[in-house]
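Presented below is the structure to which this report refers.
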Amino acid sequence: LWFLQKHGWRGKDDKRIVATVPIQYLTSTVDDVLGYTDRSDFKICTHNGCKPTPKMRKDVKALVYGVTYRMKCLFAGNDDACHLAKNKENGRAACGTANTWASHPLTIEVFEKAGKLENLEAFLSGNAQEFHNFSPTVGTLTFIRKEWKIPERLPIPDTDESVVPWMAGSTMAWKIS
């Protein structure tokens, strides 16, 4: 948020500067990716590596505050950049994550933990619709509280290839009903 303020941002309703925020920037730090935390089991997590690289814990906290307290300049941005497992599991790993599986369930957890579920829909769709002057969405997605695990690998049909999703093997608390 310091970056926005440095460039003349006027507050949470300022519509001159906007940004999409993918889920990895609300939940991960550079230390999680580079293997310096319990969460990473103290091992480099090439499948969670992306550009720009997630930042420090204080930056994650600032972004979480911004999205959960309805800063209209911040929109959900699912940044799904899948790479074949073989291109992530070598000495020169490709940057990008397959985050679709975890994106909405973890976003719900972020808002729930902040006690701001009432602002979830605005972040996921309302802020962007308002900024772009789009008509409100008609359809809905319904989530239920039900634990499930993100698959360890996603096979690519008719090939021997696979993709390892972001947060592979993690247990999610929310699921599309």
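The residues of the chain are indexed from 1 along the displayed sequence. Only heavy atoms go into these numbers, but all of them, side chains included; no hydrogens, no water, no symmetry mates.
For the atom pair Gln24 CD and Thr27 OG1, the distance stands at 7.0 Å (nearest 0.5 Å). Trp174 contributes atom CH2, which lies 4.5 Å from atom CZ of Arg145 (distance to the nearest 0.5 angstrom). Atoms NE2 and CG, from His104 and Asn99 in turn, are 10.5 Å apart once rounded to the nearest 0.5 Å. Separating the OH atom in Tyr25 from the CG atom in Leu74 is a distance of 14.5 Å, to the nearest 0.5 Å. Rounding to the nearest 0.5 Å gives a distance of 7.0 Å between OG of Ser162 and CD of Glu89. The distance from the NZ atom of Lys72 to the CG atom of Asn119 is 10.5 Å, given to the nearest 0.5 Å.
Within a 6.0 Å radius of CG in Asn90, more than 12 heavy atoms belonging to other residues, nucleotides or ligands are found. Heavy-atom contacts from other residues, nucleotides or ligands closer than 6.0 Å to CD of Glu121 number 12 or fewer.
Clustering ILVMFWY residues whenever any of their side-chain heavy atoms sit less than 4.5 angstrom apart, transitively, puts Leu34 in a cluster other than the one holding Met167. At a threshold of 4.5 Å between side-chain heavy atoms, the hydrophobic network of Ile, Leu, Val, Met, Phe, Trp and Tyr places Phe134 and Leu141 in two separate groups. Grouping the Ile, Leu, Val, Met, Phe, Trp and Tyr side chains by contacts below 4.5 angstrom, directly or via other members, places Leu124 with Met172.
Checking side-chain atoms of Lys88 against main-chain N and O of Ala94 turns up a donor-acceptor pair under 3.5 Å. A donor-acceptor pair is defined here as one N or O able to donate and one able to accept, closer than 3.5 Å; no such pair exists between the side chain of Glu147 and the backbone of Thr171. A donor-acceptor pair under 3.5 Å links the side-chain atoms of Ser177 to the main chain of Thr142, judged by distance alone.
Across Ile23, Thr100, Ile150, a single residue satisfies side-chain contact (heavy atoms from CB on, under 4.5 Å) together with Trp166, and that is Ile23.
Contact detail for Pro165 and Pro151: the closest heavy-atom pair is CG-O, 3.2 Å. Minimum heavy-atom separation, Arg153 to Ala85: NH1-CB, 3.0 Å. Here the shortest heavy-atom pairing between Gly169 and Lys149 reads O-NZ, 3.5 Å. For the residue pair Gly77 and Thr20, the shortest heavy atom distance occurs at CA-CB, 3.8 Å. Contact between His83 and Ala81 at its shortest, heavy atoms only, is CD2-O, 3.3 Å. Closest of all the heavy-atom pairs between Met56 and Val30 is SD-CG1, 3.7 Å.
Side-chain contact check for Phe123 versus Val21: some heavy-atom pair is nearer than 4.5 Å. Considering only heavy atoms from C-beta on, Lys116 stays 4.5 Å or farther from Val110 through its side chain. In this structure the side chain of Leu84 reaches within 4.5 angstrom of the side chain of Ile156, judged on heavy atoms.
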One pair to check against side chain to side chain contact (heavy atoms under 4.5 Å, CB included): Leu106 and Leu26. What are the steps and the verdict? CA-CA 9 Å; Leu106 276 177; Leu26 298 176; over 6 Å; no

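The aromatic rings of Trp148 and Trp101 sit tilted, their planes meeting at an angle between 30° and 60°.
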